[in-house]
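Working notes for the structure below.
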Amino acid sequence: MTTVRIPAGWPATEAEARAVQDELRERVVLDEPGPPPGSGHVTGVDVAYDDERDVVAAAAVVLDAATLDVVAESTAIGRISFPYVPGLLAFREIPTVLAALDALPCPPGLVVCDGYGLAHPRRFGLACHLGVLTGLPTIGVAKNPFTFTYDDPAPTRGSSAPLLAGDEEVGRALRTRDAVKPVFVSVGHRVTLPNACAHTLALTPEYRLPETTRRADALCRRVLKEVSGTRA
DNA sequence: GCGACAG
DNA sequence: ATCTTGTCGC
């Protein structure tokens with residue numbers, strides 16, 4: 001497990017963070033299909049916090065896309081680098097997530113984020129941000145529609161409906177289990193929306209959330225508990 | 001101006 | 001995100 005420092009020049013104010021988003025947004029690539037589902041590696045990343053002790057734990061878990069078996073794992077511990085501000089989540093998570101990705105012993109392949117990509121007030125959510133910084137193909141799969149609207153998809157797994165910001169489709173509400181609340185898929189970097197949905201379905205044979213984020217979530221919570229328990 | 005708002 | 005018991009179900 002690696003320890004992270006907050007990068008020099010990391011935004012300290014909301015205005016600075018928005019300026020960074022405006023700059024990096026130009027580098028998002030939307031015209032690549034992305035890797036095909038079911039082959040190669042798929043990596044889930046997630047983060048857990050202990051605001052009391054100013055600790056953040058990140059995990060990256062690499063799965064074999066065909067079998068969903070765990071191929072590799074890594075974790076990183078850092079200090080909280082930004083307060084939670086809706087629309088600026090990436091500045092809170094990215095330094096530690098980058099460290100966890102760097103610590104992996106193999107290429108991550110497609111990275112699945114717990115949150116949004118283009119489905120973002122400024123069209124530059126966590127998945128876009130992470131994609132631009134790493135050059136990796138990324139998608140976002142979120143549990144909530146945030147500020148966006150959607151019509152309920154048909155009740156069968158695989159059904160979907162546009163996730164809308166007014167008239168603009170920023171992602172899809174995708175049903176991953178029959179009659180269960182959909183997840184909210186959006187493109188991050190170098191992946192197409194239909195392909196992002198296909199990956200999400202390939203990662204949800206049993207549960208609503210992708211196996212990648214379930215594994216990463218469990219791992220980062222575990223390490224957070226370990227470090228918090230170690231230092232009273 | 002006020003409220004809502006990924007994790 | 002995080003705080004939290006029991007409970008229903010495979």
Side-chain angles (χ1 to χ4, degrees), chain A residues 4 11 14 17-18 20-21 24-25 28 44-61 75-98 100 111-132 138-150 163-166 168-174 176-189 193 196 200 205-210 212-229:
Chain A
V4 196
E14 298 184 18
R18 281 184 222 105
V20 170
Q21 290 182 327
L24 295 182
R25 186 171 46 210
V28 176
V45 292
D46 196 18
V47 168
Y49 304 95
D50 184 340
D51 288 271
E52 293 285 299
R53 292 168 176 162
D54 187 30
V55 177
V56 48
V61 180
T75 59
I77 293 292
R79 316 275 271 186
I80 293 173
S81 53
F82 208 84
Y84 172 64
V85 179
L88 301 179
L89 176 65
F91 296 93
R92 186 167 166 80
E93 308 212 329
I94 274 188
T96 319
V97 168
L98 283 178
V111 177
V112 180
C113 298
D114 190 7
Y116 283 125
L118 284 184
H120 178 275
R122 306 169 64 79
R123 305 297 181 269
F124 193 72
L126 172 62
C128 297
H129 202 142
L130 190 62
V132 166
T138 60
I139 68 173
V141 180
K143 309 175 201 66
N144 300 294
F146 202 8
T147 61
F148 305 105
T149 61
Y150 66 101
L163 186 63
L164 298 172
E168 183 184 357
E169 180 176 23
V170 294
R172 301 198 68 86
L174 177 64
T176 54
R177 294 202 66 189
D178 288 354
V180 172
K181 178 180 177 175
V183 297
F184 304 90
V185 180
S186 59
V187 163
H189 184 58
L193 183 56
T200 303
E206 188 171 6
Y207 298 98
R208 176 170 89 112
L209 296 180
T212 38
T213 75
R214 298 186 67 252
R215 288 325 220 299
D217 179 76
L219 180 54
C220 69
R221 287 192 199 216
R222 187 163 64 77
V223 300
L224 180 66
K225 189 167 294 185
E226 287 171 1
V227 299
S228 291

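Below, each value reflects all heavy atoms present in this structure, side chains not excepted, and no hydrogens, waters or symmetry copies. Chain identifiers are assigned alphabetically (A, B, ...) following the order of the sequence lines, protein sequences preceding nucleic acid strands; residue numbering begins at 1 within each chain.
Partners of Tyr49(A) according to the side chain to side chain donor-acceptor pair (under 3.5 Å) rule, which considers only residues two or more places apart in sequence or in another chain, are Glu93(A). With sequence neighbours left out, the ring pair (Phe, Tyr, Trp, His ring centres under 6.0 Å) criterion links Phe124(A) to His129(A).
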Can you tabulate the close N/O pairs, meaning under 3.5 Å, that link protein atoms to atoms of nucleotides 1-8 of chain C?
residue : atom : partner   : partner atom : Å
dA1(C)  : OP1  : Arg221(A) : NH2          : 2.9
dA1(C)  : OP2  : Lys143(A) : NZ           : 3.1

Step-by-step side-chain contact (heavy atoms from CB on, under 4.5 Å) determination, Thr213(A) to Asp46(A) = CA-CA 7 Å; Thr213(A) 75; Asp46(A) 196 18; 5.8 Å; no
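Just one of Arg221(A), Arg215(A), Arg214(A) meets the side chain to side chain donor-acceptor pair (under 3.5 Å) condition when paired with Asp217(A); it is Arg221(A). Considering Val55(A), Leu219(A), Val56(A), Thr75(A) as possible partners of Leu224(A), the one that fulfils the side chain to side chain contact (heavy atoms under 4.5 Å, CB included) test is Val55(A).
Residue Gly87(A) is in base contact, counting any heavy-atom pair closer than 4.0 Å across all strands shown. Using a 4.0 Å heavy-atom distance criterion, Leu88(A) is classed as a base contact.
With contacts defined as side-chain heavy-atom distances shorter than 4.5 Å, the pair Phe184(A)/Ser186(A) does not qualify.
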Could you list the donor-acceptor pairs under 3.5 angstrom formed by side chains in residues 139-148 of chain A, with sequence neighbours left out?
residue   : atom : partner   : partner atom : Å
Lys143(A) : NZ   : Asp114(A) : OD1          : 2.9
Lys143(A) : NZ   : Asp114(A) : OD2          : 3.2
Asn144(A) : OD1  : Lys181(A) : NZ           : 3.3

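Of all nucleotides in DNA chain B having an atom under 4.0 Å from a heavy atom of chain A, the first and last in 5' to 3' order are dC5(B) to dG7(B).
Among residue pairs with one or both ends in residues 116-131 of chain A, those qualifying as salt bridge (Lys or Arg N to Asp or Glu O under 4.0 Å) are Asp22(A)-Arg122(A), Arg123(A)-Glu168(A); sequence neighbours excluded.
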